[in-house]
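We count ligands from 1, going down the list as the structure has it; atoms in each ligand are counted the same way. All residue numbers refer to positions in the sequence shown, counting from 1.
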Amino acid sequence: MPVVDEVLAANGQYAASFGAKGELALPPARRFAILTCMDARLDPAKYAGLSEGDAHVIRNAGGRASDDAIRSLVISYKLLGTREWFVIHHTNCGMEFFTDDVMRGLLESSLETAALDANGFHDVGTGPGSTEAKYIDWLTISNTRGAVTDDVRRIRHHPLVPASIPIHGFIYEVETGRLVEVPAATAAGAAR
Ligand SMILES: [Zn+2]
């Protein structure tokens with residue numbers, strides 16, 4: 001079955017038992033937001049116990065505090081009233097397996113999907129590629145705990161983020177499903 005048909009079949013079942021969720025309020029009921037990675041193994045609704053309407057979940061590659069992630073967090077607080085934020089990266093993140101230079105080289109030779117083996121990513125597809133990747137900061141990760149701390153610190157010091165919001169830093173273990181706090185990150189993100 002084509003993926004789009006699978007998605008629509010699943011959605012039909014979901015909508016059939018939608019119940020009172022159509023009456024949920026726009027602001028998140030539990031007043032918190034999570035910034036986390038797009039990795040398919042992570043399901044924030046499950047690992048953090050969320051139901052529809054509970055919390056904001058902002059996702060990107062790595063769960064990094066990019067300008068756009070901060071845009072969403074500022075909207076989350078300023079317009080929709082969240083009071084506490086979490087930055088949650090994870091073990092075995094794909095963002096640890098390449099650098100800006102690697103990504104730029106791969107995209108310069110081919111736009112097709114690269115292969116990953118013990119030596120890292122390498123191209124198996126054909127060109128043409130593009131040099132446009134040189135203009136993007138890919139926000140790769142060389143140190144998992146350090147990246148969580150860097151991201152919490154960046155959010156903490158952003159001029160549009162009020163000092164009163166606690167920002168917690170965690171690593172989700174894909175091997176166990178557990179959230180492990182990064183004390184240096186949480187300390188950097190403490191409310192003032
Ligand atoms: Zn990841």
Nearest-0.5 Å distance, CG of residue Asn60 to OG of residue Ser66: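 Taking CG in Asn60 and OG in Ser66, the distance rounds to 4.5 Å.
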
Distance-only donor-acceptor check, side chains Thr126 and Ser110, under 3.5 Å: no

Residues forming a ring pair (Phe, Tyr, Trp, His ring centres under 6.0 Å) with Tyr14, sequence neighbours excluded: Phe18

Pairs flagged by side chain to side chain donor-acceptor pair (under 3.5 Å) wherever residues 89-98 is involved - sequence neighbours left out: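 Listed once each, the pairs are Arg41-Asn92, His89-Asp151, Thr91-Glu175, Glu96-Thr144.
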
Around the Zn ion (ligand 1), number of protein N/O/S atoms which are nearer than 2.8 Å: 3

Set of residues satisfying side chain to side chain donor-acceptor pair (under 3.5 Å) with respect to Asp43, sequence neighbours excluded: none

Ring center gap for Phe97 and Phe121 short of 6.0 angstrom: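 For Phe97 and Phe121, the ring centres are not under 6.0 Å apart.
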
